[in-house]
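These notes concern the structure reproduced below.
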Amino acid sequence: MSTLPRLILTILALSLICLAFGCEAKGPKRYDRWGKVTYKGQPIPRGTIHFDPDLHAPNDGPQGYADIVNGEFDTRKAPGLGSGSGKYFLRINAADGIPGPEAPMGKALFSPEVLIARELPTEGVELTVEIP
């Protein structure tokens with residue numbers, strides 16, 4: 001038997017084993033989050049947004065995160081990871097986008113980071129976050 005048919009049979013056998021024993025991703029369900037973040041009415045030039053589950057309330061979830069670039073974030077893009085649903089805190093760090101030697105995203109626009117409580121649905125959703 002030549003190499004190509006053996007390779008195909010091996011791949012098929014491994015696929016059947018995975019189906020039989022369940023090689024699917026385990027763990028809590030994640031949902032994509034995307035949208036816009038403004039500070040004093042202006043898009044945040046650079047930053048990060050984390051979706052932290054409220055540990056004092058029941059929710060189904062893992063933490064999620066995304067980079068903020070020109071006021072927009074999207075957990076579907078790398079680096080990023082969707083979050084669970086339920087009660088969450090949106091933890092936001094923001095910078096002016098002018099990189100320096102010790103601040104690759106630039107100077108912080110506010111300190112400490114901002115926490116905003118939000119109820120996140122069990123579906124992907126666009127969010128608008130306004131920081132006064």
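The first residue of the sequence shown is numbered 1, and numbering continues consecutively from there.
- Salt bridge Lys107/Asp96: absent, no basic N to carboxylate O contact under 4.0 Å.
- Between Glu72 and Lys36 there is a salt bridge, since a side-chain N of the basic residue sits under 4.0 Å from a carboxylate O of the acidic one.
- Taking the side chain as every heavy atom from C-beta outward, Pro45 and Leu109 approach each other to under 4.5 Å.
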What do the steps show when you test Ser83 against Arg30 for side-chain hydrogen bond (donor to acceptor under 3.5 Å, both in side chains), and what is the final call?
CA-CA 5 Å; Ser83 69; Arg30 291 182 182 272; over 6 Å; no
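- Arg118 CZ to Tyr88 OH: the interatomic distance, rounded to the nearest 0.5 Å, is 14.5 Å.
- Interatomic distance, Glu126 CD to Phe73 CZ, rounded to the nearest 0.5 Å: 8.0 Å.
- Here the CD1 atom belonging to Ile92 is positioned 9.0 Å from the OG1 atom belonging to Thr48, to the nearest 0.5 angstrom.
- Interatomic distance, CZ of Arg33 versus CG of Leu90, reported as 9.5 Å (0.5 Å rounding).
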Kindly determine whether Tyr39 and Val114 satisfy side chain to side chain contact (heavy atoms under 4.5 Å, CB included), including the steps that lead there.
CA-CA 11 Å; Tyr39 174 59; Val114 170; over 6 Å; no
Do Leu127 and Leu120 pass the side chain to side chain contact (heavy atoms under 4.5 Å, CB included) test, and can you show the C-alpha distance, the side-chain angles, and the key distance before you say yes or no?
CA-CA 9 Å; Leu127 300 171; Leu120 298 177; 4.1 Å; yes
Take Tyr65 and Phe51, measure what ring pair (Phe, Tyr, Trp, His ring centres under 6.0 Å) needs, and give me the verdict at the end.
CA-CA 6 Å; Tyr65 62 90; Phe51 302 92; 9.1 Å; no
Determine, step by step, whether Val69 and Arg46 satisfy the side chain to side chain contact (heavy atoms under 4.5 Å, CB included) criterion, reporting the C-alpha distance in whole Å, the side-chain angles of both residues, the deciding distance to 0.1 Å, and the verdict.
CA-CA 5 Å; Val69 179; Arg46 288 296 311 260; 3.9 Å; yes
Going through the checks in order, is the side chain to side chain contact (heavy atoms under 4.5 Å, CB included) test met by Val125 and Tyr31?
CA-CA 8 Å; Val125 67; Tyr31 305 95; over 6 Å; no
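- Linking Ile, Leu, Val, Met, Phe, Trp and Tyr whenever their side-chain heavy atoms come within less than 4.5 Å puts Val37 and Ile116 in one cluster.
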